[in-house]
Protein chains: 2
Amino acid sequence: MEKRVRLVDVARAAGVSQGTASNAFGKPHLVRQQVRDRIFAVAAELGYRGPHVMARMLRTGRAGALGVVFPDNLEYAFTDPVAIELLRGVGRECARQAVNMMIISAENQEQAISAVNNAAVDAFLVHCYSDNNDIISALRRRNLPLVGIDTDIRDAVASVVLDDYTGAAMAARHLLECGAGYFAILSLQANEAERFGPMDDKRRGAVSHRVVRERLAGYHAMLESGGVEVDDIVHIECDNLSEQASAQVRQLLIDHPKIDGILAMSDVIAIGALDAIKKAGKSVPGDIRVIGFDGIADGERTDPPLSTITQNSVEKGRLAAELALGEGDRRSRVLPTTLTVRGSTKA
Amino acid sequence: MEKRVRLVDVARAAGVSQGTASNAFGKPHLVRQQVRDRIFAVAAELGYRGPHVMARMLRTGRAGALGVVFPDNLEYAFTDPVAIELLRGVGRECARQAVNMMIISAENQEQAISAVNNAAVDAFLVHCYSDNNDIISALRRRNLPLVGIDTDIRDAVASVVLDDYTGAAMAARHLLECGAGYFAILSLQANEAERFGPMDDKRRGAVSHRVVRERLAGYHAMLESGGVEVDDIVHIECDNLSEQASAQVRQLLIDHPKIDGILAMSDVIAIGALDAIKKAGKSVPGDIRVIGFDGIADGERTDPPLSTITQNSVEKGRLAAELALGEGDRRSRVLPTTLTVRGSTKA
DNA sequence: TTGAAAGCGTTACCAC
DNA sequence: GTGGTAACGCTTTCAA
């Protein structure tokens, strides 16, 4: 392996200064055509591969990349349909701004921190649920623009969240209007401790994940205004995977046969619920009405199709990237949701 | 904004040399505990944020990231289920090796080239179908380890491809065994020109995408050995999206009502076909047998469930990443496929 | 337009 | 173990 050809070698061979050679590559308009051509010719002859990326970065201070962090879950980013839509949006904006997309990857918390510290990026996006987290601290320490998605991070440049409260309330109101009277809420993970299963009121008081807190509040407020006692609602904390959720719902149907309305905090969970209900020999929406949250494409093709609270995850990701990369005003945003009625709540 | 604190500032303030300060951060075991603590204390006091990532990169020559390029399609990577599985595998290996994952993003060919040139990475992975491509040239020019996925790139360090020929042949044999006699092949895009629709024999001769070429050959060889004339097979080039494919199949069923066996080069296309057949009032597998390719999760939940040729895309991605990052032997690999029989071919 | 020289902040090497 | 110092390869003043 021969030594790498450097810009200075090209400059010397072409009989120009290093500065001129640099301009020929980076700011061609500053160099006379004739000189430029000579430089390029010499460069080609010498086998110069163009400016060294890392050296340029050091000098300019720009990395040309946006870091994306999923601290809660490692393979989550490429498994959950909502996370994938988010990434699609981030990628779209990165492409628009000619910036690459650096996915921070790690097998554990400690490794994630060093992955954050080693990432050459101009800004960070972090998708997570709570902000008391060692990774968030590491991100703050980098002192780069930091945008939180689905969570409100203190000191972050901005955040992009959903109007989860209103969305949840719409879902609950819809189920009430469809005639449901006995409710179960299938919650996403409520805090760091992975403790899936029934959620007693003590655990409901210890919700650190913003999304869960808001949606729970929205469900409760609406159901209460509909005459339902919160203590009469069955709460289950579910893993956000259809299979797992399905198993949990199977047990739920045995333990609480009167349930006729299910509020799921994600479509993935709701799809698992549909499956369990079908296997239990009950009908949807006849015996039980089910409404999800997110509006993923798979929900259109279930049997029956899934009613849900639709959010625009692609736009959420795109907007977050725009805020992180942008110079402009960085107000945080709260995105709206809409009610999508399909067959799982109404015949 | 005050000036950034540098390692040399910390070293001076702590009364040690820059080298020792560097070691305290990068190779702690080389520095006495006592000295180390003093350095850290001073660093904290001065607000030193740790070694500058870009400077370290320039000095060490390591970027700590793997570049991933999807030249054919821009949002493709976050839309196609197979590409997502691939990314999951790549991410898994990156995490294992404590390397970040850089997705090269661009809106067009030209931008993609400069994105490749600006990426600070240690190796590249490229998923694509053919190798006569400006982006591939740009990748070669970077002179970094380059691994091709699903394609054989000249001069690449290695490549990871599927045994597409055998997989396709298995699919065709299965349909023959199920009693199909009149075949349609739903092909993936055959070359750079996006010209979806019927594929005449001239176009079948101009297939530059390796995957398509191999699968076509596999289908044809097996069908011919089953007594089917290649000219009697209907060929349609499909966009790899269920909706689009569905529309194309709807027309196919009108033009060729005798078709009773469909070979789709992807599950996504096959799912679109199932949909079109259902809407046309025909039954699967009674009237028409359908077999896909890939083995994506969605295929398990269609009605009827989709028979397919299963590949392990996650492992394909992981292996490619391992080859790109690894020091070890870099022989190219050909991964196997298996026949998965479900309801779309057999009652 | 072009040239000269000053950093960018670090790590690796070699001497002590 | 520790200290000095020379790269790493570039872009960007500033002066000509």
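Letters A, B, ... mirror the listed sequences (proteins, then strands); counts begin at 1.
The CD atom of A/Q18 sits 11 Å away from the P atom of D/dG9 (whole-angstrom rounding). Between the CZ atom of B/R36 and the C1' atom of D/dT2 there is a distance of 14 Å, given to the nearest Å. In this structure, the CZ atom of B/R49 is 13 Å from the P atom of C/dG9, given to the nearest Å.
The 12-atom threshold is exceeded at CD of B/Q109, counting heavy atoms of other residues, nucleotides or ligands nearer than 6.0 Å. Under a cut-off of 6.0 angstrom, the local environment of CD in A/E192 is crowded, with over 12 non-hydrogen atoms contributed by other residues, nucleotides or ligands. Within a 6.0 Å radius of CD in B/E110, no more than 12 heavy atoms belonging to other residues, nucleotides or ligands are found.
Contacts between residues 6-16 of chain A and DNA chain D, counted as heavy-atom distances below 4.0 Å, involve A/R6, A/L7. Residues of residues 110-120 of chain B having a heavy atom closer than 4.0 Å to DNA chain D: none are found. For DNA chain C, the residues of residues 23-35 of chain A within the heavy-atom distance limit of 4.0 Å (strictly under) are A/L30, A/V31, A/R32, A/V35, sorted by number. DNA chain C lies under 4.0 Å from at least one heavy atom of each of the following residues of residues 54-62 of chain A: A/L58, A/R59.
The distance from atom CG of A/D80 to atom CD of A/E85, rounded to the nearest 0.5 Å, is 9.0 Å. Summarising the geometry, atom CG belonging to A/L325 is positioned 9.0 Å from atom CD belonging to A/E322; distances are rounded to the nearest 0.5 Å. From A/L139, atom CG reaches atom CG of A/D155 across 12.0 Å, with rounding to the nearest 0.5 Å. One distance of note links NZ of A/K316 with CG of A/D150; it measures 3.5 Å at 0.5 Å rounding.
Between B/F70 and B/H127, the ring-plane angle classifies as tilted under the 30° and 60° cut-offs.
One finds a side-chain N or O of B/Y48 lying less than 4.0 angstrom from the OP1 or OP2 phosphate oxygen of C/dT10.
Side chains of A/V126 and A/P71 form a contact here, defined as non-hydrogen atoms less than 4.5 Å apart. Taking 4.5 Å as the limit, every side-chain heavy atom of A/E93 sits out of range of all side-chain heavy atoms of A/L66. Counting heavy atoms from C-beta on, the side chains of B/N240 and B/V82 never come closer than 4.5 Å.
The side chain of B/T20 has D/dT2 as its nearest neighbour among D/dT2, C/dT10, D/dC10.
Note on residues 47-56 of chain A: pairs passing side-chain hydrogen bond (donor to acceptor under 3.5 Å, both in side chains), not counting sequence neighbours, are A/R56-B/N118.
Under the rule for a side-chain contact (heavy atoms from CB on, under 4.5 Å), the partners of A/E75 that lie at least two apart in sequence or sit in another chain are A/T79, B/R88, B/R92.
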